[in-house]
Structure formats: structure tokens, C-alpha cells
Amino acid sequence: MNVLFCASEANPFAASGGLGDVAGSLPKALVKNGVDCRVVMPLYGDLKFRDKLTYVTNFSVPVGWRSQYCGLFTCQWDGVTFYFLDNEYYFRRSGLYGFYDDGERFAFFSRAILEMLFYTDFVPDVINANDWQTALVPVFLNLYYRHLDKFSRIKTVFTIHNIQYQGKYGLDILEDTCGIGRRDAHIVEYDGCANFMKGAIETSDKVSTVSPTYAGEILDPWFSHGLDGLLRQKQYKLCGILNGIDVDSYNPETDPNIAAHYNADTFHEGKAACKKALQEEFNLDQDGSPVMAMVTRLVGHKGVDLVRSVAEGLLEQGIQLVILGNGEHAYEAFFSDLAARHPGRVGVYIGFVPPLARRIYAGADMFLMPSKSEPCGLAQMVACRYGTIPIVRETGGLRDSIHDSGDGYGNGFTFSQYNAHDLYEACWRAKEGYWQKEGWPVLVRRAMCCDFSWNVSAQSYIDMYNQVTTLW
């Protein structure tokens, strides 16, 4: 089976979040399972490993009434073929998103993906588009390419990583930039504006999300950001597959960023050394207190407001806090002030440093993820991999991956309602569990033995691809 995985970012070349992790890891797992999966992404100005790229050709791409240059480059990475689409006007910038013309940039990218297939010997059975940046791929395929023999049998999957970001623009973008005339505007038009994600949901053969629970949640107005009505209509083609993590990269036995290496059998000494190093790095008291950590964007939907409400109470319980992240100024200021008022008990770093995140995963005892919504989440899986027990709210992928240890079989501590009292109670139970010196190591080992590898998810993707290729 041939699969073309379309993404606006992919590790290790350019990434800003979970999509980059997925696009960098899932295709590798698919290839190992016998699928010829190739990735296509933009050639950004600050793309890493540019010296590894090989020029293939160039061609013109229709952008409304204009034609734009597109260069095609390729390279092999971890057994996966990557394609890079180049246009310096659109992509030779610092950063990936947040520009005034993002709609035009990714309309060009989506059209260029299909034009690229004329210049390669690769014919995909399935094109897997991801999030709003590539949502126009199935739209353009159905409108402009389906009648051509090369494209007539291609099936499409659209994966929603975060429904909050839908690619909404004024209707004037449709004809002027996307080349979609009035006759076909209804495909992309939704609630008085052009909505790229809506177009993908309409035209793709299958719609997937990054966890089974999230697939159900987005049918509810609370989570759907306005698309619940459409998704209920298209529920027959909606499914959820839990993401995985790159267990080779996130491996406490080999991670060069941490103070000591360990596995599920040797974590007693290894984690103790990593905890000591973490406490020294943040000038925390080494008095045996449990360390509770959070590595996140400091924004409301990550549950940071709940942590702010219970922070003082956690410190009174004898818990130390370590926070890594940046985001809204109010949260940055609060945690910085908290650290200043509680030296030796609170460590805060405003910003994001990946090696420091690894040291926190390895050195902390517990990991906080009290999210208001979380389509999948990867940090809770990474925390388990490093033997750091997650405390999560039961939403999205958090609910699918972390189960409360109160039954003697779970791998973390969970709470269901989005309120500070329930978070505090879950943290209290975790703290009490930490002092159970016989039971806590059993929980740590159980968490470390959880299989969150992409091999599990890859087989579900293969089953979905096989199912979609049998459709008429």
C-alpha cells in the first residue's frame, strides 16, 4: 500500500507541536509495517538539515488566477522518503505560522501536493491530510483532479489533531486564492465564512482524530468549536486512533539529556539520581519531598488556571513544584512570583528548552496534565516512559491512555470534572501514594511498561487505510 502523508510540519525538520511529532514518527512505523508511506511538507526558511535535500524538479501551481513557482526536493530519513515543496515567497520566513497570508500559503501548499504527483513515480493509494493546513487537498482532488486516471482511484483520509484551528477566512479567499467558484463554494463555506476544515470533512473518504474519546467529544458543542452539527452528519466516516510516541527518542536507557540511565527494572537508582540533579538545577530542597512537574504551554485550556488555584495548597502538603513553559503573561507572572515567594519549594523556567523537558520527565515523581481539552496529548505517555506518574483530567487522549491506579491496575491518577477541588483531591491521592514505599515502585514500573509505541497505532492506521481503499 502507498500512502502520502501531508503535513505542515514534521520532526526532525520543522515542528511546533504534536503534529510535528506525529508526522515524524507515524510514517516511520508504517514503513516498518510494510507500507510505502511518504511525507510531504513545506520547505521552510529555517528548515533543519537543508544540506540533506536533493533537488528533483520545479513546476507551476495554480493559485486562483495566478501561477506560482514550486520547487520539489527530497531526502531519505529513517527509511522514510520526505518531499519538500519550495516557494520562497510563501515559506522562506522565520517561523511556521501566524502570518497574515497563512490562508494563501497553505492553499498553495495543498494544491502543490497534488501537482507534485505529476512529477514523481509515486502514486498513492491513500492521501492522509492533517489539520487545516492541508485540509484543501481532498477538496482540490475532488474538484480538479478526480477525472484524471492518475488520481481516479486515490482515497483520502483527513486527520483532525485539534479542531479549534479550522482555517477560517473571508469568502473572498475562495475564488481569488483557492480558485473555487461560486458553484462549488458550498463545499468549503460554513457559518458565513470559508472554513478549510469543513471542506475536508465534506470531501474526504474518512475522517480520523487522534484518540477515540476525542472522536466522541467533538460531536458535542462544548468541544467542537462550531463543527458538531456537520460532524454528526458525517459520523459514519469518523473514527479515533490514539497517537503514540517515538520510544527510541524518549528512552531513559539511552537519553543523553538526563543525569542517569535506567529502565523498568533499574529505575530505583536511576530516577533518584535524576531527581537529585533536577532539584540541584532548580535549587530545590533535597528533603525527600515528592516533585510534581508540569511541562506545557501556559494557556487556559491546558488547565493552568486550576493549577494556579491549588498551587499554595500543594506546597502546604509538602509537594515541590517544577514548571516549564510559556504562554499567557498572567500565568507566567503568577508562577514566577510563586517561585520567588517559595525558594527551595518551587522551580520555574519561562520558555521551552527540549533538553530541560527531558530532565524534568526523568527527575520528577509526578506529572500534571489537568487539561480542559486534550485531543490526544503526548506528554502523559512520555512521563510514563520515564516513570513519572501522570495526574490527568479524563478528557480526550488523556482518558484513553491514563487510568486511575485506585483499582490496583492503573498507571496514574485521574479526575473527571474540570474544577480545582477535584484536581487537588487527585494530587492528594498521588502524594499519599508516593509515601507508600512498597506500592509506589509497583506503580512506577507499571507505568514504564505501558506500550505507547507507534507500532500499536500504526496497525490501526493500516486497518483504516485498508478499509478506505475498499470503498467505491
If only atom types and distance count, is the side chain of [X] paired as donor or acceptor with the main-chain N or O of [Y] below 3.5 Å?
| X | Y | result |
| --- | --- | --- |
| Thr54 | Cys75 | no |
| Ser208 | Cys239 | no |
| Glu175 | Gly64 | no |
| Ser211 | Tyr214 | yes |
| Lys302 | Pro370 | no |
| Asp125 | Asn2 | yes |
| Arg308 | Tyr331 | no |
| Arg105 | Tyr90 | yes |
| Asp246 | Ser25 | no |

Crowded around [X] [atom1]? As in, over 12 foreign heavy atoms under 6.0 Å?
| X | atom1 | result |
| --- | --- | --- |
| Lys150 | NZ | yes |
| Asp220 | CG | yes |
| His301 | NE2 | yes |
| Arg38 | CZ | yes |

Side chains of Tyr169 and Asp102: donor-acceptor distance under 3.5 Å anywhere? no

Going by atom types only, do Thr81 and Gln76 share a side-chain donor-acceptor pair under 3.5 Å? yes

Phe82, Phe49, Phe84 screened by ring pair (Phe, Tyr, Trp, His ring centres under 6.0 Å) with Trp77, the one that passes: Phe49

One should read off an interatomic distance between Gln459 CD and Leu30 CG, to the nearest 0.5 angstrom, of 9.5 Å

Check ion pair Glu202-Lys234 (N to O, under 4.0 angstrom): yes

